[in-house]
Amino acid sequence: MNRFVDQVAVVTGAGRGIGHAIAARLAAEGARVAVISRSEVNAQRTSEELNRQRPDSARAYAVDVADGQAVADLCGRIVKEFGKVSVLVNNAGITRDRLSMRMPEADWDAVVDTNLKGAFHFAQHLQRPMMKASYGRIVNISSVSGLVGQAGQVNYAASKAGLIGLTKALARELAGRNVTVNAVAPGFIATDMTAELPENMRAQVLERIPLRRFGEPEDIAAVVAFIASPEARYITGQVITVDGGMVM
Ligand code: NDP
(Lines give C-alpha, C1' and ligand atoms only; values in the text may rest on other atoms or scores of the structure.)
Protein backbone atom coordinates (compact mmCIF):
# COMPACT_ATOMS: atom_id res chain seq x y z
CA MET A 1 0.00 0.00 0.00
CA ASN A 2 1.13 3.55 -0.70
CA ARG A 3 -1.29 5.56 1.37
CA PHE A 4 1.15 8.34 2.35
CA VAL A 5 2.75 9.32 -0.96
CA ASP A 6 3.30 13.12 -1.02
CA GLN A 7 2.53 13.32 2.69
CA VAL A 8 4.70 14.51 5.57
CA ALA A 9 4.40 12.77 8.94
CA VAL A 10 5.76 13.95 12.29
CA VAL A 11 6.26 11.09 14.76
CA THR A 12 7.41 11.78 18.32
CA GLY A 13 9.26 9.15 20.33
CA ALA A 14 10.33 7.54 17.06
CA GLY A 15 13.80 6.61 18.31
CA ARG A 16 12.66 3.26 19.67
CA GLY A 17 9.73 0.92 20.23
CA ILE A 18 6.25 1.77 19.01
CA GLY A 19 7.24 5.16 17.56
CA HIS A 20 10.02 3.54 15.55
CA ALA A 21 7.54 1.03 14.08
CA ILE A 22 5.05 3.80 13.25
CA ALA A 23 7.70 5.91 11.51
CA ALA A 24 8.92 2.89 9.55
CA ARG A 25 5.39 1.94 8.47
CA LEU A 26 4.47 5.46 7.33
CA ALA A 27 7.77 5.79 5.44
CA ALA A 28 7.30 2.37 3.84
CA GLU A 29 3.97 3.61 2.54
CA GLY A 30 5.48 6.72 0.97
CA ALA A 31 5.55 9.39 3.68
CA ARG A 32 8.48 11.67 4.36
CA VAL A 33 8.93 11.48 8.13
CA ALA A 34 10.23 13.89 10.77
CA VAL A 35 11.68 11.41 13.27
CA ILE A 36 11.63 12.94 16.74
CA SER A 37 13.24 11.59 19.86
CA ARG A 38 14.62 12.93 23.11
CA SER A 39 18.13 11.81 22.23
CA GLU A 40 19.89 12.76 19.03
CA VAL A 41 21.46 9.32 18.68
CA ASN A 42 18.17 7.39 18.67
CA ALA A 43 16.48 9.82 16.29
CA GLN A 44 19.48 9.56 13.94
CA ARG A 45 19.47 5.76 14.06
CA THR A 46 15.81 5.51 13.04
CA SER A 47 16.21 8.19 10.41
CA GLU A 48 19.27 6.51 8.85
CA GLU A 49 17.43 3.19 8.79
CA LEU A 50 14.45 4.72 6.96
CA ASN A 51 16.74 6.51 4.51
CA ARG A 52 18.45 3.20 3.72
CA GLN A 53 15.04 1.74 2.82
CA ARG A 54 14.04 4.79 0.76
CA PRO A 55 16.46 7.66 0.21
CA ASP A 56 15.40 11.05 1.56
CA SER A 57 12.39 9.63 3.42
CA ALA A 58 13.39 10.84 6.91
CA ARG A 59 15.08 13.55 8.93
CA ALA A 60 16.05 13.32 12.59
CA TYR A 61 15.30 15.89 15.30
CA ALA A 62 16.01 15.76 19.03
CA VAL A 63 13.75 17.63 21.45
CA ASP A 64 12.22 17.30 24.89
CA VAL A 65 8.49 17.29 24.06
CA ALA A 66 7.73 18.80 27.48
CA ASP A 67 9.66 21.97 26.58
CA GLY A 68 7.06 24.24 24.97
CA GLN A 69 9.46 26.80 23.49
CA ALA A 70 11.77 24.11 22.07
CA VAL A 71 8.78 22.35 20.45
CA ALA A 72 7.48 25.64 19.01
CA ASP A 73 10.90 26.31 17.45
CA LEU A 74 11.19 22.76 16.14
CA CYS A 75 7.71 22.78 14.59
CA GLY A 76 8.57 25.99 12.74
CA ARG A 77 11.73 24.35 11.45
CA ILE A 78 9.91 21.19 10.32
CA VAL A 79 7.25 23.13 8.43
CA LYS A 80 9.99 25.18 6.74
CA GLU A 81 12.11 22.14 5.82
CA PHE A 82 9.29 19.84 4.64
CA GLY A 83 6.88 22.50 3.34
CA LYS A 84 3.83 20.92 5.00
CA VAL A 85 2.64 18.49 7.66
CA SER A 86 -0.14 16.00 6.93
CA VAL A 87 0.13 13.58 9.88
CA LEU A 88 1.13 14.08 13.52
CA VAL A 89 1.59 11.07 15.80
CA ASN A 90 2.04 12.02 19.46
CA ASN A 91 3.75 8.88 20.71
CA ALA A 92 6.56 10.03 23.03
CA GLY A 93 5.91 8.78 26.55
CA ILE A 94 7.48 7.67 29.80
CA THR A 95 6.53 5.84 32.97
CA ARG A 96 7.61 6.54 36.57
CA ASP A 97 5.59 3.85 38.39
CA ARG A 98 5.13 3.93 42.14
CA LEU A 99 2.20 3.70 44.56
CA SER A 100 0.59 7.12 44.93
CA MET A 101 1.35 7.29 48.66
CA ARG A 102 5.07 7.36 47.90
CA MET A 103 5.12 9.11 44.55
CA PRO A 104 7.41 12.16 44.47
CA GLU A 105 5.81 15.22 42.89
CA ALA A 106 8.67 15.26 40.38
CA ASP A 107 7.52 11.88 39.04
CA TRP A 108 3.98 13.15 38.63
CA ASP A 109 5.21 16.22 36.78
CA ALA A 110 7.67 14.39 34.52
CA VAL A 111 5.05 11.90 33.33
CA VAL A 112 2.20 14.38 32.84
CA ASP A 113 4.47 16.97 31.21
CA THR A 114 5.90 14.45 28.75
CA ASN A 115 2.86 12.33 27.93
CA LEU A 116 0.11 14.95 28.01
CA LYS A 117 1.62 18.42 27.70
CA GLY A 118 4.05 17.16 25.04
CA ALA A 119 1.11 16.15 22.83
CA PHE A 120 -0.57 19.51 23.43
CA HIS A 121 2.60 21.33 22.36
CA PHE A 122 2.88 19.51 19.03
CA ALA A 123 -0.85 19.70 18.30
CA GLN A 124 -0.84 23.41 19.04
CA HIS A 125 2.03 24.20 16.71
CA LEU A 126 1.25 21.81 13.85
CA GLN A 127 -2.49 22.34 13.49
CA ARG A 128 -2.02 25.56 11.50
CA PRO A 129 -0.38 23.95 8.41
CA MET A 130 -3.03 21.21 8.51
CA MET A 131 -5.86 23.76 8.68
CA LYS A 132 -4.32 25.75 5.84
CA ALA A 133 -4.19 22.61 3.70
CA SER A 134 -7.72 21.59 4.79
CA TYR A 135 -6.28 18.15 5.53
CA GLY A 136 -4.71 16.54 8.55
CA ARG A 137 -4.56 13.50 10.79
CA ILE A 138 -3.55 13.67 14.44
CA VAL A 139 -3.11 10.39 16.33
CA ASN A 140 -2.40 10.39 20.06
CA ILE A 141 -0.96 7.25 21.64
CA SER A 142 -2.88 6.72 24.88
CA SER A 143 -2.97 3.43 26.83
CA VAL A 144 -5.41 0.94 28.30
CA SER A 145 -4.06 2.28 31.61
CA GLY A 146 -5.86 5.54 30.78
CA LEU A 147 -9.10 3.62 30.25
CA VAL A 148 -9.18 1.27 33.24
CA GLY A 149 -6.34 2.48 35.52
CA GLN A 150 -3.46 0.49 36.92
CA ALA A 151 -2.16 0.40 40.50
CA GLY A 152 1.18 2.17 40.71
CA GLN A 153 0.40 4.38 37.72
CA VAL A 154 -1.70 7.34 38.93
CA ASN A 155 0.58 9.71 37.02
CA TYR A 156 0.69 7.60 33.85
CA ALA A 157 -3.04 6.71 33.89
CA ALA A 158 -3.96 10.37 34.45
CA SER A 159 -1.74 11.48 31.56
CA LYS A 160 -3.18 8.83 29.23
CA ALA A 161 -6.80 9.54 30.26
CA GLY A 162 -6.00 13.23 29.78
CA LEU A 163 -4.86 12.47 26.23
CA ILE A 164 -8.30 11.03 25.52
CA GLY A 165 -9.96 14.27 26.67
CA LEU A 166 -7.49 16.28 24.60
CA THR A 167 -8.26 14.06 21.59
CA LYS A 168 -12.00 14.63 21.82
CA ALA A 169 -11.82 18.39 22.43
CA LEU A 170 -9.31 18.86 19.61
CA ALA A 171 -11.39 16.67 17.28
CA ARG A 172 -14.27 19.08 17.78
CA GLU A 173 -12.06 22.13 17.23
CA LEU A 174 -10.53 20.88 13.98
CA ALA A 175 -13.34 18.87 12.36
CA GLY A 176 -14.53 21.82 10.28
CA ARG A 177 -11.10 22.01 8.62
CA ASN A 178 -11.01 18.33 7.64
CA VAL A 179 -8.47 17.48 10.33
CA THR A 180 -9.28 14.32 12.27
CA VAL A 181 -7.99 13.62 15.78
CA ASN A 182 -8.06 10.12 17.27
CA ALA A 183 -6.37 8.13 20.00
CA VAL A 184 -4.97 4.62 19.94
CA ALA A 185 -4.84 2.81 23.28
CA PRO A 186 -2.30 -0.04 23.23
CA GLY A 187 -2.34 -2.85 25.75
CA PHE A 188 0.92 -4.57 26.68
CA ILE A 189 3.45 -4.13 23.86
CA ALA A 190 6.95 -5.66 23.89
CA THR A 191 9.30 -2.64 24.02
CA ASP A 192 11.99 -1.22 26.32
CA MET A 193 9.18 0.30 28.41
CA THR A 194 7.65 -3.06 29.29
CA ALA A 195 10.96 -4.97 29.38
CA GLU A 196 11.59 -3.28 32.76
CA LEU A 197 8.64 -5.08 34.40
CA PRO A 198 9.35 -8.08 36.66
CA GLU A 199 8.74 -11.55 35.21
CA ASN A 200 5.89 -12.40 37.60
CA MET A 201 4.02 -9.26 36.59
CA ARG A 202 4.50 -10.05 32.88
CA ALA A 203 3.09 -13.54 33.50
CA GLN A 204 0.05 -12.05 35.28
CA VAL A 205 -0.59 -9.68 32.40
CA LEU A 206 -0.31 -12.48 29.84
CA GLU A 207 -3.03 -14.40 31.71
CA ARG A 208 -5.41 -11.50 31.06
CA ILE A 209 -4.82 -11.33 27.29
CA PRO A 210 -7.35 -13.45 25.35
CA LEU A 211 -5.12 -13.55 22.25
CA ARG A 212 -2.42 -15.11 24.46
CA ARG A 213 0.57 -12.99 23.48
CA PHE A 214 2.06 -9.56 24.10
CA GLY A 215 1.62 -7.07 21.28
CA GLU A 216 4.38 -6.11 18.86
CA PRO A 217 5.09 -2.47 17.95
CA GLU A 218 4.00 -3.35 14.39
CA ASP A 219 0.51 -4.25 15.71
CA ILE A 220 0.12 -0.63 16.82
CA ALA A 221 1.78 0.80 13.71
CA ALA A 222 -0.74 -0.99 11.46
CA VAL A 223 -3.69 0.62 13.24
CA VAL A 224 -2.04 4.05 13.38
CA ALA A 225 -1.34 3.82 9.64
CA PHE A 226 -5.01 3.16 8.96
CA ILE A 227 -6.33 5.90 11.23
CA ALA A 228 -3.78 8.35 9.78
CA SER A 229 -4.64 7.44 6.18
CA PRO A 230 -7.01 9.26 3.83
CA GLU A 231 -9.44 6.32 3.92
CA ALA A 232 -10.14 6.89 7.66
CA ARG A 233 -11.78 10.19 6.72
CA TYR A 234 -15.05 9.64 8.63
CA ILE A 235 -13.48 8.73 11.97
CA THR A 236 -12.70 11.45 14.52
CA GLY A 237 -12.68 11.82 18.29
CA GLN A 238 -12.39 8.05 18.80
CA VAL A 239 -10.27 5.81 20.97
CA ILE A 240 -9.19 2.57 19.31
CA THR A 241 -7.96 -0.10 21.71
CA VAL A 242 -5.29 -2.48 20.41
CA ASP A 243 -4.64 -4.93 23.24
CA GLY A 244 -5.32 -8.53 22.19
CA GLY A 245 -8.72 -8.28 23.90
CA MET A 246 -7.36 -7.48 27.38
CA VAL A 247 -9.90 -4.71 27.99
CA MET A 248 -13.42 -5.38 26.75
P1 NDP B 1 9.88 3.32 24.71
O2 NDP B 1 10.31 3.62 26.10
O3 NDP B 1 10.36 2.10 24.02
O4 NDP B 1 10.21 4.60 23.77
C5 NDP B 1 9.80 5.87 24.15
C6 NDP B 1 10.17 6.87 23.09
O7 NDP B 1 9.72 8.17 23.55
C8 NDP B 1 11.67 6.99 22.89
O9 NDP B 1 11.97 7.19 21.54
C10 NDP B 1 12.04 8.24 23.71
O11 NDP B 1 13.16 8.96 23.21
C12 NDP B 1 10.80 9.08 23.53
N13 NDP B 1 10.67 10.06 24.61
C14 NDP B 1 10.50 9.83 25.94
N15 NDP B 1 10.45 10.99 26.61
C16 NDP B 1 10.60 11.97 25.70
C17 NDP B 1 10.67 13.38 25.77
N18 NDP B 1 10.54 14.03 26.95
N19 NDP B 1 10.86 14.08 24.63
C20 NDP B 1 11.00 13.44 23.45
N21 NDP B 1 10.93 12.12 23.30
C22 NDP B 1 10.74 11.39 24.42
O23 NDP B 1 8.27 3.35 24.77
P24 NDP B 1 7.17 2.53 23.93
O25 NDP B 1 7.57 2.45 22.52
O26 NDP B 1 6.83 1.30 24.67
O27 NDP B 1 5.92 3.51 24.10
C28 NDP B 1 5.56 4.46 23.12
C29 NDP B 1 4.24 5.08 23.53
O30 NDP B 1 3.24 4.07 23.65
C31 NDP B 1 4.29 5.79 24.88
O32 NDP B 1 3.50 6.95 24.84
C33 NDP B 1 3.69 4.76 25.81
O34 NDP B 1 3.13 5.36 26.94
C35 NDP B 1 2.64 4.14 24.92
N36 NDP B 1 2.22 2.82 25.35
C37 NDP B 1 3.12 1.79 25.44
C38 NDP B 1 2.70 0.56 25.86
C39 NDP B 1 3.62 -0.60 25.97
O40 NDP B 1 3.17 -1.66 26.43
N41 NDP B 1 4.86 -0.51 25.54
C42 NDP B 1 1.30 0.31 26.25
C43 NDP B 1 0.45 1.47 26.12
C44 NDP B 1 0.91 2.66 25.68
P45 NDP B 1 14.66 8.32 23.26
O46 NDP B 1 14.64 7.13 22.35
O47 NDP B 1 15.51 9.41 22.72
O48 NDP B 1 14.90 7.97 24.67
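Atoms within a ligand are numbered from 1 in the order they appear, just like the ligands themselves. Just so it is clear, the model here is predicted, and its values are computed rather than measured.
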Please list the nearest protein heavy atom to [atom] with its residue and the distance rounded to 0.1 Å.
atom: atom 36 (N) of ligand 1; result: Tyr156 OH, 3.5 Å
atom: atom 26 (O) of ligand 1; result: Thr191 OG1, 2.5 Å
atom: atom 18 (N) of ligand 1; result: Asp64 OD1, 2.9 Å
atom: atom 37 (C) of ligand 1; result: Ile18 CD1, 3.7 Å
atom: atom 2 (O) of ligand 1; result: Arg16 NH1, 3.6 Å
atom: atom 11 (O) of ligand 1; result: Ser37 OG, 3.1 Å
atom: atom 21 (N) of ligand 1; result: Arg38 N, 3.3 Å
atom: atom 5 (C) of ligand 1; result: Gly93 O, 3.8 Å

Tell me the contacting part of [X] for ligand 1: side chain, backbone, both, or neither, using a 4.0 Å heavy-atom threshold, strictly below.
X: Thr12; result: neither
X: Val65; result: both
X: Ser142; result: backbone
X: Lys160; result: side chain

Would you mind listing which atoms of ligand 1 come within a distance below 4.0 Å of any non-hydrogen atom of [X]?
X: Ile141; value: 30 (O), 35 (C)
X: Thr194; value: 39 (C), 40 (O), 41 (N)
X: Val63; value: 19 (N), 20 (C)
X: Ile94; value: 14 (C), 15 (N)

Please indicate whether [X] has more than 12 foreign heavy atoms, meaning atoms of other residues, nucleotides or ligands, lying under 6.0 Å from its [atom1].
X: Arg233; atom1: CZ; answer: no
X: Glu105; atom1: CD; answer: no
X: Arg212; atom1: CZ; answer: yes

For the CG atom of Asp192 and the NE2 atom of His20, what is their distance to the nearest 0.5 Å?
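It is 11.5 Å, given to the nearest 0.5 Å.
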Run Asn200 and Gln204 through side chain to side chain donor-acceptor pair (under 3.5 Å) and show every step you take.
CA-CA 6 Å; Asn200 63 335; Gln204 278 172 23; 5.8 Å; no
For residues Leu88 and Met131: do they belong to one hydrophobic cluster (side chain heavy atoms under 4.5 Å, members Ile, Leu, Val, Met, Phe, Trp, Tyr)?
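They do share one cluster, since a chain of ILVMFWY contacts under 4.5 Å joins Leu88 to Met131.
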Report whether Leu166 and Val71 are members of the same hydrophobic cluster (ILVMFWY, side-chain heavy atoms less than 4.5 Å apart, transitive linking).
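Linked within one cluster.
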Flag [X] as yes when one of its N or O atoms lies below 3.5 Å from any N or O atom of ligand 1, and as no otherwise.
X: Ile189; value: yes
X: Ser143; value: no
X: Gly19; value: no
X: Asn42; value: yes
X: Asn91; value: yes
X: Gly17; value: no
X: Gly13; value: yes
X: Phe188; value: no

For the residue pair [X] and [Y], what are the closest heavy atoms and their distance?
X: Glu231; Y: Phe226; result: CG-CE1, 3.7 Å
X: Asp56; Y: Asn51; result: N-OD1, 3.4 Å
X: Tyr61; Y: Ala43; result: O-CB, 3.7 Å

With a 3.5 Å distance limit and no angle check, can you tell me whether [X] reaches the backbone of [Y] through a side-chain donor-acceptor pair?
X: Gln7; Y: Ser86; value: no
X: Asn140; Y: Val181; value: no
X: Gln124; Y: Phe120; value: no
X: Lys160; Y: Asn155; value: no

Residue of the set Asp113, Thr114, Asn115, Thr95 for which side chain to side chain donor-acceptor pair (under 3.5 Å) holds with Ser159:
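Only one option passes, and that is Asn115.
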Does ligand 1 have an atom under 4.0 Å from some heavy atom of Ala185?
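Judged by the 4.0 Å heavy-atom criterion, Ala185 does not count as contacting ligand 1.
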